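Heads up: the structure comes next, in structure tokens.
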Amino acid sequence: LELCHHQHLRYNPLRDTWVLVSAHRMKRPWAGQVEKAPEEHIPRHDPRNPLCPGNTRANGEVNPDYDSTFLFENDFPALQPDAPDPGSDQHPLFQSKAARGVCKVMCFHPWSDVTLPLMKRQEVVKVIDKWAELVEELGSTYPWVQIFENKGAMMGCSNPHPHCQVWASSFLPNEPALSDRCQRAYHQKHGEPLLLQYAKQEAEKKERVVVETSDWLAVVPYWATWPYQTLLLPRRHVLRINDLTTEEREGLADIMKRLLTKYDNLFETSFPYSMGWHGAPTGPHLTEDNSHWQLHAHYYPPLLRSATVKKFMVGYEMLAQDQRDLTPEQVNIVKCTVPSFVQYRVTH
Ligand SMILES: O=C1CCN([C@@H]2O[C@H](COP(=O)(O)O)[C@@H](O)[C@H]2O)C(=O)N1
């Protein structure tokens with residue numbers, strides 16, 4: 001059955017939800033919002049940017065003249081280590097719980113005019129090593145460490161300097177908790193990790209593969225909601241990012257550069273996205289059986305038609321369910337003909 005040409009629902013096994021796929025809707029006229037093109041020229045060093053080496057941050061601290069990654073406590077944290085327990089009024093409709101944690105900001109590189117795909121492979125390996133170190137360190141006490149990168153002003157990124165954030169929390173947030181339940185249910189029923197079987201299937205089908213290497217696989221997931229959403233998977237069963245071998249980390253740097261270069265070449269723009277890592281929970285869960293988990297990264301890019309027209313997850317998506325126009329098989333990042341190493345931007 002040629003799924004592509006008729007509307008249909010697809011099941012997302014990681015969230016136990018359904019997505020409405022309406023392949024024919026891309027032809028509708030667009031008189032809606034057009035985003036302004038991202039600022040192309042970003043200076044290598046802006047003396048006023050609080051994320052740059054040697055500059056002063058909001059709390060008055062002066063950044064070191066760092067030459068690789070640089071980590072600092074978020075001056076405007078959403079979570080702090082010590083917070084009082086809220087009231088004990090536990091009416092079933094008015095429940096509350098304590099929330100504690102730490103919020104770190106991690107700069108990838110001293111230069112403001114590079115992004116991950118433009119960085120050298122070894123520089124990206126250093127980012128991955130720092131991610132692994134943070135999950136190891138914060139994960140020794142906190143049940144969840146969320147690595148996430150908001151890239152591009154369109155995704156609410158407040159600063160063009162290449163960076164991500166790492167928030168450790170005293171609670172398991174909604175998305176990882178849902179993914180944990182779904183992966184556990186699948187494992188109990190089928191006897192193997194959901195995403196390990198999924199990667200095997202996708203590598204065989206080759207309909208949604210964007211980039212594949214011996215250790216890694218990047219696909220537009222069968223159940224993708226954002227037009228150019230991708231899922232990054234290790235081929236080996238790996239619970240957490242700090243379990244990756246040196247070779248797997250180098251391979252991850254390679255596939256991240258190739259995936260992100262394809263994204264940049266798609267609309268010849270520095271591709272905006274929100275991305276994050278999901279691995280087995282940590283802290284008190286380190287002593288539990290988490291063999292149902294498989295480490296993976298989600299890339300959620302907002303763009304739909306061009307560098308300036310984005311998909312809005314509003315209306316039907318908020319009130320009913322996720323809906324997408326292009327099918328995952330149709331999006332041309334899968335068929336993006338530009339060789340993955342050819343970059344539309346001059347590398348430094
Ligand atoms: O002086 C500063 C500027 C920005 N920040 C923090 O950097 C973070 C930038 O990350 P985002 O662009 O992903 O929001 C943001 O959360 C902001 O709170 C500081 O901690 N100190």
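Every number for a ligand or one of its atoms is a count from 1 in the order of the listing. Not measured: the values here are computed from a predicted model.
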Report task. Report yes if the side chains of Cys157 and Lys151 come closer than 4.5 Å at any heavy-atom pair, otherwise no. Result -> no

Check your understanding: Do we see a donor-acceptor contact under 3.5 Å between the side chains of Asn159 and Asn49?
Key -> yes

Taking only non-hydrogen atoms of Cys157 and a 4.0 Å limit, the atoms of ligand 1 in range are 12 (O)

Ligand 1 N/O within reach of Glu73 N/O, cut-off under 3.5 Å: no

Just checking, any donor-acceptor pair under 3.5 angstrom between side chains of Ser22 and Gln323? yes

re atom 15 (C) of ligand 1, the protein heavy-atom contact at minimum distance is Asn74 ND2, 3.8 Å

Same apolar cluster (I L V M F W Y, side chains within < 4.5 Å links), Met275/Leu252: yes

protein heavy-atom neighbour closest to atom 13 (O) of ligand 1 works out as Gln165 NE2, 3.0 Å

Min over Leu51, Asn150, Asp75 of heavy-atom distance to atom 2 (C) of ligand 1 lands on Asp75

* Under the 6.0 Å and 45° cation-pi test, does Arg44 pair with Trp111? -> yes

for atom 10 (O) of ligand 1, nearest protein heavy atom and its distance come out as His163 NE2, 3.0 Å

Does this structure show an ion pair linking Glu175 with Arg15, if we count only N-O contacts that are shorter than 4.0 Å? yes

Under 3.5 Å, side chain of Arg240 to main-chain N/O of Ala280, donor-acceptor pair present?
yes

Problem set entry | Salt-bridge present (Glu317, Lys311; N to O < 4.0 Å) | yes

- prompt: At a 4.0 Å cut-off, with the gap strictly under it, does some heavy atom of Glu149 reach an atom of ligand 1?
  reply: no

Atom 5 (N) of ligand 1: of Phe148, Phe76, Trp167, the nearest heavy atom sits on Phe76

The protein heavy atom nearest to atom 12 (O) of ligand 1 is Ser158 N, 2.7 Å

Looking at Val105, Asn55, Asn159, the heavy atom closest to atom 8 (C) of ligand 1 belongs to Val105

Quick note on ligand 1: atoms under 4.0 Å from a heavy atom of Arg57 include exactly 1 (O)

Examine Ala58 against ligand 1 and note whether any of their N/O atoms are separated by less than 3.5 Å. yes

- Give the ring-plane orientation class for His278 versus His296, where under 30° counts as parallel, over 60° as perpendicular and anything between as tilted. perpendicular

of all protein heavy atoms, closest to atom 3 (C) of ligand 1 is Pro50 CG, 3.6 Å

